[in-house]
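Reading through the structure tokens given below for one structure.
Quick note: residue numbers are just sequence positions, from 1.
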Amino acid sequence: MPSRLVWDDDHRGPPPEPARQPRQPPPGDGVVRIKREVQGRGGKTVTSIDGLGLAPPQLEALARDLKKQLGCGGSVEAFTIVLQGDRRDRVQVLLEARGYRVKRAGG
């Protein structure tokens, strides 16, 4: 029976993917920055928290605790915790209670 092979360059499947490096938090100066953002969010106000220096699992856990304590929604986007609404005052108190140096940035 003739082969029905149409094309072959003698490859054995797709090329292997390069080894993934574990995602490391960006180096910071030890200060957590809290800012209020509206731009690019459809007119909705959010509170963003940068500079925590935590790995993704710890960042997710902290975001979960903050959302529970504040009674709001939110997410983690590229080493930044984003909480719905303007919650800078309460977030500052909660993070300082956990031992972080906190600075309010932006507007």
| field | Single-linkage hydrophobic cluster Val82~Leu52, side-chain heavy atoms < 4.5 angstrom | value |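 Unlinked, Val82 and Leu52 end up in two clusters.
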Give me the atom names and distance for the closest heavy-atom approach of [X] to [Y].
| X | Y | answer |
| --- | --- | --- |
| Ala63 | Val76 | CB-CG2, 3.7 Å |
| Ser48 | Glu37 | OG-OE2, 3.3 Å |
| Arg101 | Gly30 | CB-O, 3.8 Å |

For the [atom1] atom of [X] and the [atom2] atom of [Y], what is their distance to the nearest 0.5 Å?
| X | Y | atom1 | atom2 | value |
| --- | --- | --- | --- | --- |
| Arg104 | Gln92 | CZ | CD | 6.0 Å |
| Leu83 | Ile49 | CG | CD1 | 4.5 Å |
| Leu62 | Leu95 | CG | CG | 6.0 Å |

| query | If only atom types and distance count, is the side chain of Thr47 paired as donor or acceptor with the main-chain N or O of Arg87 below 3.5 Å? | reply |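 Looks like yes, one N/O pair under 3.5 Å.
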| field | Test side-chain contact (heavy atoms from CB on, under 4.5 Å) applied to Glu96 and Val32, Val102, Val91, the passing residue | value |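 Between Glu96 and the candidates, side-chain contact (heavy atoms from CB on, under 4.5 Å) is satisfied uniquely by Val102.
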| message | Exactly one of Val46, Asp86, Thr45 should register a side-chain contact (heavy atoms from CB on, under 4.5 Å) with Val38. Which one does? | response |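 One option only clears the test, and that one is Thr45.
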| Ion pair Lys103/Asp50, N-O distance below 4.0 Å |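 Salt bridge flag = no for Asp50 with Lys103.
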